[in-house]
Amino acid sequence: MTLLIAALVTGIGLGSMYGLIALGFQITYSVSQTVNFAQGSVVMLGAVLGYVFIERLGLNWLIAYPLAILCCGGFGMIVEILLVRPFVERNSEAWLMATVAGGIFLDNAVLFTFGNEPRTLASSLTQSTWQFAGTGIYPQQILVPIAAVGVALALHFLFRKTLQGRALLAVVQNVQAARLMGINTTAMVSGSFALSAMLAGGAGLLIAPLLSVHSDMGTLFGLKAFAVAILGGMTSASGVMLAGFLFGLVEALVTSYLGSSSTYIVVFALVILALTWKPDGLFGRPAVKKV
Amino acid sequence: MQTSRFLSQVTRRALMSGVVGLAVATSLPAFAADTVKIGLVAALSGQSAKSGQAITRGLTIAIDEINAKGGVLGKPIELVSRDDESNPGKGLVAARELVQREGVAAMIGGLDTPVSFAIVPFANQAKVPFVGPWAAGTGITKNGAEENYIFRVSAVDEYVDEAITEYLVANHAVKKPGMILINNPWGESNEKGLTKALEKRGMETAGIEKFESNDVDVVPQLTRLKENGADSLFVVANVAPTAQVIKSLDRMGWDVPLASHWGPSGGRFTELAGKSGEKLHFIQTYLFVEGDAKGEAMFARLQEAFPEIKTMADVTPATGIANSYDAMILLAAAIEKAGSTDGPAIRQAMYEIENIEGLIKTYTDPFSPEDQDAIGPEDYLFAHFVEGQIIPVK
Amino acid sequence: MQYLISRTGLDLLILALTVGGLVLTFASGGYIQFVMGLVALTTVLCVGLNVLYGLTGLVSLGQVGFFAIGAYATGVLLLNDVSFWIALPAAAVAAGITGCLLAIPAVRMAGPFLAMVTIAFAFIVEHGAVEWRAVTGGQNGLTGFQMPMIGGYTLSETDLVLFSICLAGLSLYLYRRLSDSGWGMAMTGMRDAETAASSLGYRPFVVKSTAFAIAAAMAGVAGGLFTPLMMFIAPSNFPFSQSILFLFAVLIGGAGSVLGPLAGALVTVLLPEFLSGLAEYRLLFFGGLLVGVLLIAPRGLVGSIAAFLPRPSRAIKPSPATDIEALLAGYPKPDKLEIQGLGISFGGVRAVDGVSLSLPSGAVTSIIGPNGAGKTTILNMISGFYKPTDGDITLSGKSLAGLPAFEAARSGIARTYQTTKLFENMSVVANVISGLSRGRLGQPLGQIESPENLELAAGLLRYCGYLGDLDKRAGDLPHVDRRLVEIARALAMKPGILLLDEPAAGLMRADKDQLAVILRKIADLGLAVVLVEHDMELVMGISDRIQAVDAGKPIAFGTPSEIQENEIVIAAYLGDGSAPALPRKDLLETVETPVLSTLKLTAGYGAAPVLKDVTLKVRPGEMVALLGANGAGKSTFLSAVSGLHRPVDGSIILKDEPVHALAPHDLVARGLVLVPEGRQVFPELTVLENIELGAYKRQRDMSGDEVEALLERFPRLKDRLHSRAGLLSGGEQQMMAIARGLMARPSVLLLDEPSLGLAPAMINELYAILGELRDEGTTILLVDQMASLALSVADYGYVLEQGRIVMEGPANDLISDERLTAAYLGGGEDVSMQEAAR
């Protein structure tokens, strides 16, 4: 019982993280049919910048966190402009490799500037635990899913209720018509990459206090989040969040009951099975075949 | 300051790489005759980079000292470093390259046990001495080769496991310890060692649990150990994963005696694990202690060579620095004694070393064909973190 | 001949490179030789990946998984004293079978979904190797392999490297052969246009799975070589990142080029060696270099070099027309294709409902109807792309309904597409050859471009009227030629039934006339020709019978003359024939300075310009109609003016400023707003949200009751404000699109085909609104195919023919001008009839 509760708590926390990062994939894919494969590195960048701003520059977290997230957004834009746009303009799929290479570059650049030691991003929410049902929970672990769902809802609200949000939805639904409305679609694509990177950076800041901060902390998060985005169907935000929770729970349950050595094998085998069953993702809409 | 240093290093290396590249292109092995080349294969990037840096520092200090005194065989020693990224395959390829292209006289390295395991057969076959300053896997030196070219100036899992078992039994009178081990060959090696140590005492274990280095928490594994009635825990993992174990124990509110391999010493452990990290006692081969003249002199030299070092906390892991420093001193002595850079001659000379003053201790007959490990259980000491510094346990 | 020489040249080059590699191995030793071994086995793996990605266009990020399976299979067998010469093929087979299994889910996916499945596979293999300790040795890996033996001789490392280099050379050669075979052609077809490939009879699952299996097996071979070369294998040799490196090697070498994998292997294996001196900074540089090379050489190293080499061209003697006719006539034909009660629904909408039709051999049967009537959907059901919800399609008594496209093709049904689907990266003649075998793949290493096939294909092309370069890349063809090549490709299948979807769209009158002759000849050879076409002159000229459909339902069937006189048909096209004239209430008061003008505007796609020297003026408050037949260049003109089509020659002047370089969003800000053809609504947004987006550029000064005021003009939208725009009817969507355009307070509003696909009553309502807008002083440039309708509201008109303005004048003068009939409708037939049929 204790084991189950512990697994559920971990799973929900992880799942919401994956969901948040995966939303970033979903947004850029919806707008431009491209994704930033350096997304995992951006998770790391968020955490590292948060650490640097707070611990090294002594900024208040109220300033440091938004600043870190903004910097991540800037990085996302740079990725789009340097690593995605030139290839999309040539109708090449090499953006995939280019963003992967961008991630390798960022990881190593951080290694040399930030240092090679894991560090801790302190949070007052991991200083004490709440005990119940024989296990303990850091308040941060509660904050993570709440914040993730909150951000997802806020995004939904933003998209529906603000002009720029609706403009983004318009680009998703019909690029040409969006251009005719006067929407600068190029800027929107850049913006979507920025937003996507900000989500990843924010996720990094949220998860960092539970882990340690180092230059390769993001790689696996990025990869699992990509799996989540795919399972969610790539185009539906709610589907992606749902897939995130599902993925996190399955991962935590497998780890608890079968041991973490089999986690990858089981989880990724399930991903393949799920996609065999539903090639457009669990919550994706099958595309109408145009002839 | 640091940036310019970084840049100059980078440009120098870029230039070097160009030269090396040319050597490949012309397919001419670059044998330079005016230096004695020593190869280093270690993880210089990734999670273990901090430890790799410590090894590089120890070697640099030792080589600077040796070269200041005229080098070996009348030639200066040159260190050729290769990054293995903690990947055995890369480590093996790097070792081949060092031997076959760079023509190194001997190699130092193997930070991760799997990397060392991968290099061992090659080093024996190529007859090039390979001195380990870190990886503790028992089978590295005890590899069963007839002509064994593998030496080690570091801890050995089997001895460590015996020591930490004894420590728990003697200090906490434990009856049923549990194991929480990292899921890699290092963990496997210690699983064997600990099981052996427990069997020797007729004790049973509360369970053997594995975890991955990027697991977010270890609560499930620990919960199982607790439910099986563990009264103490053995921990074997690197800094960050060990910190995850401590944090998970904290969350569970489980206060239990802990003994660990030397993993936590690889970084800022208490920063990662929090105050509870101080409760973890672990093994060390060397510590910088205030008041120790030899240690303070070494610290001063380190500060001089690496201006980024400010406090004692910046020279972790001290073990890495001390082991590699001593390994280099011993290796240089053997080369000098052998009178050549020929592998078999150096190996023979290793057995003939008599009295060498190292940082950890004075080595008297450190190696013999039966025991190629220079450091034994008698050299281990127990330590823990206090206020971010590693302090011997009283 | 030259082409053959270039092929032999390539083979010789492969041979020379292999020999060079062998010599270098002898000359060097130790480490360099080891690195050469790595290059060789990476080449083998990348050749396999090149079959998958370069030829077939499928991305795999899981190749390292197959590589690992090959390595472990060999390793385990070697440790169990199995000979290397058995272990290596076994490794290939093990990897190949795994590849086939993975292909089952993988080939149904594309893009990121496929990437994910292969990534997941790579992870499973890597972690499986860690956990399956009994077999794989866990993290510690396997070591202590016997070197391969031949007879009593044990191979040295040098021998092994020599063997690997030979295998690499062989794999490059086999790739060359494969890419020139029918299999290679089918794979390229899948990559360039899967739809077209399956309607030529190629079975996507088989072709793609084969590519997967080849790639997997070759990765297995590479793994089998890796084991004895490395003498040590562990899971960490096979990290996921290695997969990325392999794909990178193919990209950087040049995907789809024969020597690309070799170049890529050289770069990815040697570059880290060059950088090894950088130790810990290596990955930083590697990341940067990857990006740099991708940016500088987008086509890969070999691709970039090949671009500078002259394209070979061959002297092919086309088979004479008589042979072609004999071939097409001589092939056995099915008696007749019967369609009974055919229907299909998409999400509740009946796109086709109760169509029954008999398509006899030797006759041209046309299907006509307004846009959106379901004509193309009928063709899609016959050719196997859609599964009908009701009814049946039978061919010589055999039911075809619901069978996949390749089955339909193999039964003798060939087709063309509304937007041509050629294999862009194949030559023109190869495109036609791809149709010859009706999906039979032939010898895997046989030369598909045999002299007979070349002559036949060339003959078909000439027969269809294509007179251009046979070796030209199909993607570079002008529009007209694309249509002809596509028809030739369809005929290459020697079909019994030929389905043509708007073959005349975008063709000039002379070309259309020529096409008419060809189509009639084809039918006379005994084929059943089915024609979906808007050009009534063509339809009426060559059809034996015509089926008219509207809104998915059959409305009339008969001979051309019967259809021309059918009241229902006329009503479907033109409303009840009483489109009200909408003269201005007050005289137009305007100034000579135009709000929008173009001067010698020229624009086009690729080679041939679609617009030539168009000069046009729209004055303030004026309503100008731009008229012309389908494909005359009207839509291109609007795209050019609104900024969607760039670059253009000549100038566009909006309110005295040149704007021909500006993007659409800048033009909207300056008051030029286009309401595009086909409404282009945002289907998931509500009507209100759609309309508000129209004011995107001036959101800040938008007042609350503005929408309210606008809705007074579009009462139909009032009660639909909060429903999703995608749920509106076509007419409502058009109203909404215009309202959305008006929200921008345009200085000039461009309307592209507002009446397209609308019911007659709706068209009248819409035009009444346009008249009101005009009377209130909105400046409008109107494009509509229905000339009389457009001229009924316009002040002034221009007539566009083949991209040029052929006449202009006040609307009242134009409407009665005989020359308009000639220019607009082609020929001097009865205007009302032509208008009706349109």
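In this text, all values refer to a predicted model and were calculated from it rather than measured experimentally. Letters A, B, ... are given to chains in the order of the sequence lines, protein chains preceding strands, and every chain is numbered from 1.
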Undergrad: Within the 4.5 Å heavy-atom criterion, are C/F682 and A/L169 side-chain neighbours or not?
TA: no

Undergrad: How close do C/G288 and A/F105 get, heavy atom to heavy atom, and via which atoms?
TA: N-CD1, 3.7 Å

Undergrad: Is any side-chain heavy atom of C/L102 closer than 4.5 Å to one of A/I272?
TA: yes

Undergrad: If you count heavy-atom pairs under 4.5 Å with chain C, which of A/Q176, A/M234, A/Q164, A/R160 comes out on top?
TA: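 Among the listed options, the one with the most contacts to chain C is A/R160.
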
Undergrad: How about A/R179 and C/H665: do any of their side-chain heavy atoms sit closer than 4.5 Å?
TA: no

Undergrad: Of all of A/A170, A/A94, A/P86, which one pairs up most often with chain C through heavy atoms under 4.5 Å apart?
TA: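 Ranked by contacts with chain C, first place is A/A170.
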
Undergrad: Under 4.5 Å from any heavy atom of chain A, what part of C/L294 do you find: side chain, backbone, both or neither?
TA: both

Undergrad: What are the two closest non-hydrogen atoms of A/A101 and C/G287, and how far apart are they?
TA: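 Smallest interatomic distance, heavy atoms only, reads CB-O, 3.6 Å.
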
Undergrad: Please classify the contact of C/S383 with chain A as side chain, backbone, both or neither, using a heavy-atom distance under 4.5 Å.
TA: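 Neither part, no heavy atoms under 4.5 Å.
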
Undergrad: Name the member of A/I183, A/I104, A/L83, A/V100 that forms the most heavy-atom pairs with chain C at distances under 4.5 Å.
TA: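 Answer, by heavy-atom pair count under 4.5 Å with chain C: A/I183.
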
Undergrad: Got a sec: does the OH of A/Y257 have more than 12 other heavy atoms crowding it under 6.0 Å?
TA: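 Enclosed: over 12 neighbouring heavy atoms sit under 6.0 Å from OH of A/Y257.
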
Undergrad: Which heavy atom of A/M97 sits nearest a heavy atom of C/I244, and at what distance?
TA: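 Minimum heavy-atom contact is CE-O, 3.0 Å.
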
Undergrad: So what's closer than 4.5 Å to chain C heavy atoms on A/A187: side chain, backbone, both or neither?
TA: neither

Undergrad: Quick one: of A/N184, A/L275, A/V172, who has the most non-hydrogen atom pairs under 4.5 Å with chain C?
TA: A/N184

Undergrad: What is the distance from atom CZ of A/F37 to atom CD1 of C/I119, rounded to the nearest 0.5 Å?
TA: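 So the CZ of A/F37 and the CD1 of C/I119 are separated by 5.5 Å.
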
Undergrad: Distance check, rounded to the nearest 0.5 Å: C/H127 atom NE2 versus A/S262 atom OG?
TA: 11.0 Å

Undergrad: Would you say C/M116 and A/F268 make side-chain contact, with heavy atoms under 4.5 Å?
TA: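 Result yes, sub-4.5 Å side-chain heavy-atom pair found.
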
Undergrad: Looking only at heavy atoms, what is the nearest atom pair of C/A120 and A/V271, with distance?
TA: CB-CG1, 4.5 Å

Undergrad: Of the backbone (N, CA, C, O) and the side chain (C-beta and beyond), which part of C/L667 lies under 4.5 Å from a heavy atom of chain A, both, or neither?
TA: neither

Undergrad: By a 4.5 Å heavy-atom criterion (distance strictly below it), what part of A/L82 contacts chain C: side chain, backbone, both, or neither?
TA: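 Contact with chain C is through the backbone of A/L82 alone.
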
Undergrad: Can you confirm whether A/F226 sits close enough to C/P112 that some side-chain heavy atom of one is under 4.5 Å from a side-chain heavy atom of the other?
TA: yes

Undergrad: When rounded to the nearest 0.5 angstrom, what is the spacing between CD1 in A/I265 and CH2 in C/W132?
TA: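 The CD1 atom of A/I265 sits 11.0 Å away from the CH2 atom of C/W132.
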
Undergrad: By a 4.5 Å heavy-atom criterion (distance strictly below it), what part of C/V681 contacts chain A: side chain, backbone, both, or neither?
TA: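 The backbone, not the side chain.
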
Undergrad: Using non-hydrogen atoms only, which part of C/F121 is less than 4.5 Å away from chain A: side chain, backbone, both, or neither?
TA: both

Undergrad: Test your reading of the model: is there a side-chain donor-acceptor pair from C/Q680 to the backbone of A/N174, 3.5 Å cut-off?
TA: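 Flag not set: sc C/Q680 to bb A/N174 has no pair under 3.5 Å.
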
Undergrad: Considering only heavy atoms and a distance below 4.5 Å, find which of A/A269, A/A98, A/S92, A/P279 pairs most often with chain C.
TA: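 Ranked by contacts with chain C, first place is A/P279.
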
Undergrad: Side-chain contact, heavy-atom cut-off 4.5 Å: A/L180 with C/L644?
TA: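 Touching, per the 4.5 Å side-chain cut-off.
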
Undergrad: Check the side chains of A/Y264 and C/E131 for a donor-acceptor pair under 3.5 angstrom, ignoring hydrogens and angles.
TA: no

Undergrad: Taking A/R166 for its side chain and C/E689 for its backbone only, find out whether a donor-acceptor pair lies under 3.5 Å.
TA: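 Pair absent, no side-chain N/O of A/R166 close to backbone of C/E689.
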
Undergrad: Pick whichever of C/V675, C/T377, C/L295 has the most heavy-atom pairs under 4.5 Å with chain A.
TA: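 Option with the top pair count is C/L295.
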
Undergrad: Among A/D107, A/L223, A/V35, single out the residue with the greatest number of heavy-atom pairs under 4.5 Å to chain C.
TA: A/L223

Undergrad: Is the shortest heavy-atom distance from the side chain of A/L231 to the side chain of C/F113 under 4.5 Å?
TA: no

Undergrad: Assess the residue pair C/V117 and A/T276 against the criterion (side-chain contact (heavy atoms from CB on, under 4.5 Å)); give the C-alpha distance rounded to whole Å, side-chain angles, the decisive distance to 0.1 Å, and a yes or no.
TA: CA-CA 9 Å; C/V117 167; A/T276 308; over 6 Å; no

Undergrad: Is A/Y29 close to chain C through its backbone or its side chain, or both, or neither, when contacts mean heavy atoms under 4.5 Å?
TA: side chain

